[in-house]
Amino acid sequence: MTIYDHIKTLLKTKLTDVAALHGWVLPAEIPEFTVEAPRDPKHGDIATNLAMTLTKALGKPPRVIADAMVAALKNDASYTSVEVAGPGFINLRLASTIWQEQLKTILNAGTHYGDLSIGKKEKVCIEYVSANPTGPMHAGHVRGAVFGDALSNLMQKVGYDVTREYYFNDAGTQVDVLARTVHLRYREALGEAIGDIPAGLYPGDYLKPVAEKLVARDGKKWLGQPEEAWLLPIREFAVAAMMEAIREDLNMIGIKHDVFSNERDVIENGTLDKVFKSLEDKDLIYVGTLPPPRGKEMENWTPEPLTLFRSSQFGDSSDRSLKKRDGTWSYIMPDIAYHYTKIQRGFKLMINVLGADHGGYLERMRPAIAAISDGSAKLDGLFCQMVKVFNNGEAVKLSKRSGNIITLREMVEEVGADSVRFTILTRSFDSQFEFDFAKTKEQSRDNPVFYIQYAHARCSSVLRHAAEMFPKADLIASALAQVDLSVLTSEDDIALIRFLCNWPKLVEAAAQTREPHRVSFYLYELAGHFHSFWNKGKDDATLRFLIEDNPALTMARMALLKGITTVIASGLAVIGVKPLEEMR
RNA sequence: GAUCCCGUAGCUCAGCUGGAUAGAGCAGUUGCCUUCUAAGCAACAGGUCGAUGGUUCGAAUCCAUUCGGGAUCACCA
């Protein structure tokens with residue numbers, strides 16, 4: 001229970017007393033009100049809009065209600081000041097002992113401070129990246145990858161049982177194209193002049209090493225053979241090689257999935273047929289024709305009978321075709337079957353992190369999931385908007401076709417994994433994101449992530465100095481939690497503790513809204529408070545952390561520092577950045 | 001024709017599910033290193049929150065309309 005929740009319950013009971021005293025009739029449900037740290041510290045430690053939310057129900061102006069509450073709260077020793085302000089806010093200032101206690105709570109919790117149990121250990125499958133193994137990870141993938149990873153961290157922190165999952169298509173036309181391209185590169189590697197890569201195959205050099213590995217394994221085995229002979233084995237080889245490369249790329253930026261699933265398994269182990277049959281059994285499959293797509297000029301549109309799924313029964317705008325004209329499955333059917341395997345594995349909550357270019361995906365997949373789970377499972381889709389890549393202000397067109405891509409590898413090598421992660425996580429996922437490669441590279445040293453890292457390094461440095469200055473002192477968190485903190489009375493000390501106490505609340509809000517970027521901003525602000533405090537010590541010796549002739553205050557400040565490093569480390573863990581002990 | 005996202009300082013972005021005088025970084029100007037790390041701090045300057053209406057004690061935030069940018073609406077994932 002956070003300090004804010006605690007105050008909230010106290011206020012509720014106080015409100016009933018006040019109402020009884022004045023003969024007010026409270027509504028059966030007290031309207032929801034906020035208890036939070038106001039933006040402006042002048043407004044006290046804690047502000048509540050309680051009075052304002054009750055104006056309607058009580059038929060009284062907010063200030064009248066607020067005044068009555070204030071009168072009742074005034075004689076409580078927990079509050080050093082209680083006042084009405086603005087339109088009817090009640091501003092409270094808590095006794096410093098309360099904040100000092102909170103700091104001990106933080107120290108005892110360690111980096112688990114901010115861990116919550118709102119997830120109730122519910123299993124959640126978070127699927128992200130899921131790029132098909134036809135090319136290297138590029139700038140467009142990085143956003144979803146980092147976002148999904150941070151979201152997973154966040155969901156774990158609030159008590160979900162998270163599985164990080166990657167699903168790839170290794171059975172469709174795209175991987176056939178991959179295989180053909182590799183075969184061409186293979187001929188090239190064996191000395192043949194292949195000229196330009198023909199349209200319809202993948203350009204770019206990244207398949208050359210794959211072809212060379214194929215030569216190393218198989219020699220000239222596939223030369224002069226018909227496509228039927230080499231397509232499947234080369235496809236398998238190429239998919240494995242690309243997935244290996246993708247895994248390595250993701251690893252560079254600190255991303256590891258728990259489970260990799262693929263389309264072929266779903267088809268070959270019979271799951272797909274089973275799911276299709278169960279849909280038939282539920283009478284959700286029929287053969288019919290679809291109207292032509294609206295708003296699009298389809299000159300060559302001819303209605304054709306197709307195998308359709310009655311997704312409109314589940315809120316979809318139209319029924320969906322599960323098979324192509326040639327009788328093979330359209331992508332949606334294996335995807336349905338794949339999601340069925342998730343449900344079979346016990347996931348009632350599934351989150352898919354997708355690119356904005358997958359717009360209609362949810363609309364189509366949700367009905368299917370409702371059908372196969374009989375409504376018991378829920379799919380959430382989070383759509384990361386496009387990343388527009390610039391190079392010194394000039395737009396770079398990302399196109400696999402032309403081979404013009406900025407790869408994840410380039411980004412990480414030039415800018416650094418921490419900077420890339422942090423840059424992505426200082427934007428909300430649903431707004432478009434402009435990434436200027438040249439500028440980011442040039443300013444990589446100015447990246448805000450180092451501002452946070454630096455705060456952590458400074459704290460660590462002081463703790464090292466403290467160990468030298470007071471060799472007998474025990475500076476581990478559990479020991480510092482036992483220190484007498486009553487000497488931490490300055491407004492700056494208390495303000496810092498107060499800010500640390502916002503952490504659990506922030507984690508909760510970030511998880512509920514699925515917005516890990518809030519963590520970044522919080523950490524940045526926390527680092528700012530710390531740096532500011534630090535510099536005050538230059539003018540005011542009583543605000544320094546290490547004060548040689550005052551061991552008692554120094555130890556209390558070490559407790560504060562430990563609290564700061566604890567929360568920073570706890571937050572950086574969500575972002576996926578390692579805290580640094582030292583920066584020079 | 002329909003759906004989704006975005007529009008906030010010169011640029012890149014926040015704005016805590018409706019709160020008090022709308023914030024930060026970068027860019028610009030000015031100060032601060034004999035003392036715990038200057039990858040830092042302090043200060044100045046910069047805004048019709050795209051527009052119009054509505055909801056209420058109160059709107060950048062919610063609703064409607066509208067303009068602008070992006071994405072999606074095929075049997076490609």
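Throughout, protein chains are lettered first and strands after them, A, B, ... in sequence-line order, and every chain is numbered starting at 1. Predicted, not measured: the structure shown is a model, and the values here were computed from it.
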[X] vs [N]: side-chain N/O to OP1/OP2 distance below 4.0 Å:
X: A:S461; N: B:rU37; value: yes
X: A:W534; N: B:rA38; value: yes
X: A:S532; N: B:rG40; value: no

Of the residues in residues 505-514 of chain A, which ones touch RNA chain B at a heavy-atom distance under 4.0 Å?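 Here the set is A:T513.
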
In residues 351-363 of chain A, what residues come within less than 4.0 Å of RNA chain B, judged by heavy atoms? A:A356, A:D357, A:H358, A:G359, A:G360

Go through [options] for me and flag the one nearest to the [X] side chain.
X: A:Q174; options: B:rC76, B:rG70, B:rG40; answer: B:rC76
X: A:L306; options: B:rA20, B:rU21, B:rC75; answer: B:rC75
X: A:Y524; options: B:rA71, B:rU37, B:rG25; answer: B:rG25
X: A:R464; options: B:rC5, B:rU37, B:rA20; answer: B:rU37
X: A:T55; options: B:rC41, B:rC57, B:rU37; answer: B:rC57
X: A:Q385; options: B:rU21, B:rC57, B:rG70; answer: B:rG70
X: A:K56; options: B:rC75, B:rC57, B:rC41; answer: B:rC57

Cation-pi between A:K342 and A:Y167: NZ/CZ under 6.0 Å from ring centre and within 45° of the ring axis? no

In plain terms, say whether [X] and [Y] are close enough for a salt bridge, that is, a side-chain N and a carboxylate O under 4.0 Å apart.
X: A:E36; Y: A:K8; answer: no
X: A:D316; Y: A:R320; answer: yes
X: A:R93; Y: A:E83; answer: no
X: A:R557; Y: A:D493; answer: yes
X: A:E434; Y: A:K388; answer: no
X: A:D45; Y: A:R498; answer: yes

Please classify the nucleic acid contact of [X] as base, sugar-phosphate, or nothing, using heavy-atom distances under 4.0 Å.
X: A:R364; answer: base
X: A:F545; answer: base
X: A:A541; answer: nothing
X: A:P87; answer: base
X: A:N91; answer: base

B:rU48 and B:rA2, which share atom name C1', separated by this distance in whole Å: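 It works out to 33 Å between them.
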
Distance check, P atoms only: B:rU21 and B:rC49, in whole angstrom units.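 Looking at atom P only, B:rU21 and B:rC49 are 15 Å apart.
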
Distances under 3.5 Å between nitrogen or oxygen atoms of protein and nucleotides 13-15 of chain B:
residue: B:rC13; atom: OP1; partner: A:Q432; partner atom: O; Å: 3.4
residue: B:rC13; atom: OP1; partner: A:E434; partner atom: N; Å: 2.7
residue: B:rC13; atom: O2'; partner: A:T426; partner atom: O; Å: 3.2
residue: B:rA14; atom: OP1; partner: A:S428; partner atom: N; Å: 2.4
residue: B:rG15; atom: OP1; partner: A:H517; partner atom: NE2; Å: 3.0
residue: B:rG15; atom: O2'; partner: A:R39; partner atom: NH2; Å: 3.2

Taking only residues two or more places apart in sequence or in another chain, which ones pass side chain to side chain donor-acceptor pair (under 3.5 Å) with A:T426? none

What heavy-atom pair brings [X] and [Y] nearest, and what distance separates the two atoms?
X: A:A150; Y: A:R421; value: N-NH2, 4.3 Å
X: A:I65; Y: A:A51; value: CD1-O, 3.7 Å
X: A:R544; Y: A:G537; value: CG-O, 3.3 Å

Residue whose closest nucleotide on RNA chain B lies nearer the 5' end, A:H531 versus A:F168: A:H531

Nearest-Å distance, CZ (A:F530) to C1' (B:rG40)?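 Rounding to the nearest Å, CZ of A:F530 and C1' of B:rG40 are 10 Å apart.
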
Aromatic stack A:F89/B:rA20: centroid gap under 5.5 Å, interplanar angle under 30°: yes

Mind listing the N/O atom pairs, protein and nucleotides 33-35 of chain B, below 3.5 Å?
residue: B:rU35; atom: O2'; partner: A:R544; partner atom: NH2; Å: 3.4
residue: B:rU35; atom: O4; partner: A:K538; partner atom: O; Å: 3.1

Would you please indicate yes or no on a ring centroid separation below 6.0 angstrom for A:Y128 and A:Y166? no

Do A:F545 and A:F533 have ring centroids that are under 6.0 Å from one another? yes

Can you measure from NE2 (A:H43) to CG (A:L92) and round to the nearest 0.5 angstrom? 13.5 Å

Pairs where residues 501-521 of chain A contributes a residue and the test salt bridge (Lys or Arg N to Asp or Glu O under 4.0 Å) is met, not counting sequence neighbours: A:D380-A:R514, A:E515-A:R518

